Structures are given as C-alpha cells and as structure tokens.
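Have a look at the structure below, then the notes.
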Amino acid sequence: MRIMDSGLFDYILPKEMIAQDPVGERTSSNLLVFNRNGGAIEHRSFHDIAGYLRKGDVLILNDSKVFPARLKAIKDSGGIIDILLVEKLEGKKWHCLANNMKKGASELIVSIGNIKAKLTQHPDFWIIEFLCEGNDYDVIQQYGQMPLPPYIKRKEINSIDFERYQTVYAEAEGSIAAPTAGFHFTKELLEKIENIGVNVVKITLHIGIGTFFLIKNRFIEEHKMHREYYQIDKSVKEYIQSAKEEGRRVIACGTSVVRTLETAYASNGSTPLNAYTELFIYPGYKFKMVDALITNFHLPKSTPLLLASAFAGRDSLLKCYSEAIERGYRFYSYGDSMFII
C-alpha cells in the first residue's frame with residue numbers, strides 16, 4: 001500500500017484571505033483556469049467560463065440543498081450547546097455533533113425553543129431525539145440556522161446567507177455543507193452555457209462530515225471517510241455514459257459531483273443509482289469519468305484538496321494556490337473558483 005504523508009497537503013494561508021461574505025454578484029468571483037496539458041494558468045472572472053466550454057460538453061451539477069442544520073440547545077443550567085445535525089436516523093432521531101458538553105456526560109435533556117430533546121452519547125457521534133408531537137423537520141425549520149463553516153467568524157448569520165450559502169439550482173434538501181463550486185453560477189449564466197450547446201444535467205450528493213472533516217492522521221491512507229448519500233437518475237447516468245463513449249467532455253462542478261460519478265460508474269457501472277459512498281480520492285487515483293473540474297480553493301489537509309490534487313497533480317495545484325494567494329484571491333466556501341481543464 002502506498003504511504004503518503006498528510007503534511008504534503010498543507011499550506012499557509014493568510015487569515016485575511018478567507019472569505020467571510022459572498023461577493024456582490026455571483027459571477028464576479030475570480031476564476032483561475034489551469035490547463036493540465038502544459039500547465040498554463042490564466043486569471044479571469046467567473047462569467048468568462050462560458051468561453052472555455054464548447055458544444056457537446058456535459059456539465060454536471062449537484063442539486064443538493066442545504067438545510068438549517070445548526071441548532072442552539074439550552075441546558076437546565078442555562079448553558080448553551082451548539083448542535084450540528086449530521087444524518088437522519090429512524091423516527092425523530094439524528095446523528096449530531098455537540099459542543100460544550102460536560103466531560104463524562106452520556107445523556108442530557110435540553111431545550112430547543114419550546115421543544116425538549118434528548119442527547120445520548122454514542123462512539124462516533126451524539127444522537128439527538130426531538131421529544132415533540134409534530135414533525136422534527138418543523139422544529140429544524142423553525143429553530144435551525146444555516147450551517148456556515150467555522151472559519152467564517154461573523155458573530156451572526158445574516159439573512160443573505162439563506163440565499164447565498166446555496167446554489168441557484170438547489171432542489172433536493174439534505175446537505176449540511178454547500179456544494180460551493182456552484183455558488184458562482186446564476187440562472188442567466190447557465191442559460192447562456194446551454195445556448196452554446198452544453199448539456200447541463202444534475203445529480204445529488206448530500207454533503208456531510210465526510211467532505212469537511214479534515215485529515216488528522218499522519219498518513220492519508222489512515223483517514224476514515226464518512227459516508228454520504230448520493231442519487232443519480234437512470235436516464236442521467238445513461239446519458240453521461242453515452243457522452244463519455246462519444247468522446248465528449250464530462251465536466252464536474254464540484255468535488256461532490258466527482259465522487260458521485262466515480263462511485264456510480266465503478267464496477268463496470270453496476271453500482272446502485274442511489275446509495276452511500278465512502279469513496280476517498282487522493283493522488284494516485286485513476287479517474288474513470290471526469291475530464292474537467294470546477295472547484296473552489298480548499299482548506300489544507302481537507303479531502304476536497306486531496307481530490308483536486310489527484311486531478312490536477314499536487315505540485316501543480318499548490319502552484320496554482322500560491323499564485324492565487326499572490327494575486328489576492330478569496331479562499332474557501334465564499335471564495336473564488338478554479339477551472340481545471
């Protein structure tokens with residue numbers, strides 16, 4: 001087994017380059033275009049991406065929608081517990097992450113608004129059970145907040161986050177982190193792209209902790225990739241396969257799309273249309289389906305960074321990152337974009 005040190009995927013980013021808010025217009029983000037054939041780098045605006053697409057291309061979007069998965073629970077003592085819902089279980093139970101829990105506590109009753117809930121500790125997660133008569137989704141919609149990542153250091157979540165921490169084509173609710181590569185598209189830009197003759201199709205992968213948990217192990221092969229649910233329609237899968245066989249470019253918008261495609265077409269295409277994936281892509285992986293990738297600038301030692309490194313080449317990707325830092329690009333979820341061709 002190949003052993004790869006996680007320190008190879010670390011880099012230094014000045015804190016002021018971490019985007020704290022979305023740009024004014026979605027398409028006004030910077031776009032770094034990297035050509036794997038020859039290593040050329042170009043600096044454009046995202047609205048220029050249509051110029052790099054051509055008739056017959058297939059652009060694949062993740063239509064997963066972020067739900068307000070962050071909750072504030074109150075202990076009987078008045079202390080606040082920050083809860084992030086992770087995965088729906090049976091009944092009104094969810095796997096969750098819980099901060100500010102008393103050391104040694106294994107069970108606790110808390111209040112979320114006027115609703116009681118029970119927290120129970122399990123090996124990898126806490127389990128929260130909503131003790132309400134109605135639907136637990138109603139509680140989440142009423143009291144939940146958008147789950148902005150912790151590197152966005154604002155005191156409050158703004159109303160604009162409910163619009164902008166979401167793609168314009170989001171439909172299938174289920175993500176606790178956004179497929180951020182799609183933030184830069186507007187409906188007008190997508191229409192322009194389709195008018196070129198690009199075929200735009202959608203798949204679903206509900207982004208969970210598998211995407212945003214950083215690699216803590218020294219060797220990346222030791223990292224555990226938590227499962228995430230994906231779904232792809234049969235007609236879409238057949239269409240993408242046909243396009244690939246015809247030699248047309250398959251362009252993934254986001255690492256979540258890459259993981260879905262590479263999972264769905266594994267085992268000679270016999271993988272289920274809707275299932276969980278634990279696919280962990282890092283350098284050395286042989287891509288089967290994806291020809292080009294739209295992606296944001298990712299955190300050091302993150303699984304999306306390793307996927308992008310596998311696609312572009314580690315040294316080439318870090319060179320792109322270095323040049324983006326020199327030019328004042330904005331990084332992470334609300335940051336700028338790359339197009340790797």
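Given the structure is predicted, the values throughout are model-derived calculations rather than measurements.
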key: Closest non-hydrogen atom pair between Glu42 and Arg44, with its separation   = OE1-NH1, 3.9 Å
ask   = Is the Tyr282 to Phe280 ring centre distance short of 6.0 Å?
value = yes
request  = First locate atom CZ of Arg314, then atom CG of Leu8, and finally report the distance between them rounded to the nearest 0.5 Å.
outcome  = 5.0 Å
request  = Check for a donor-acceptor pair, side chain of Arg164 on one end and backbone N or O of Val23 on the other, with a separation under 3.5 Å.
outcome  = yes
query = Where is the tightest heavy-atom contact between Leu214 and Ser302, given as atom of each residue plus distance?
reply = CD2-CB, 3.6 Å
inquiry  = Assess whether a salt bridge exists between Glu262 and Lys288, defined as any Lys/Arg side-chain N lying under 4.0 Å from an Asp/Glu carboxylate O.
reply    = yes
task = Could you check whether the rings of His226 and Phe213 sit parallel, tilted or perpendicular, using 30° and 60° as the cut-offs?
result = perpendicular
ask   = Should the heavy atoms of other residues, nucleotides or ligands under 6.0 Å from CG of Asp124 be counted, would the total exceed 12?
value = yes
ask   = Is there a donor in the side chain of Tyr230 and an acceptor in the side chain of Ser256, or the other way round, less than 3.5 Å apart?
value = no
message = Are the side chains of Ile115 and Leu131 in contact, using a 4.5 Å heavy-atom criterion?
response = no
inquiry  = Is the ring pair Phe297/Phe331 parallel, tilted or perpendicular, if the boundaries are 30 and 60 degrees?
reply    = tilted
request  = Could you tell me how the ring of Tyr276 sits relative to the ring of Tyr229: parallel (under 30°), tilted (30 to 60°) or perpendicular (over 60°)?
outcome  = perpendicular
ask   = Quick check: are there more than 12 heavy atoms from other residues, nucleotides or ligands sitting under 6.0 Å from CD of Glu16?
value = yes
inquiry  = Between Ile251 and Leu53, is there a side-chain heavy-atom distance shorter than 4.5 Å?
reply    = yes
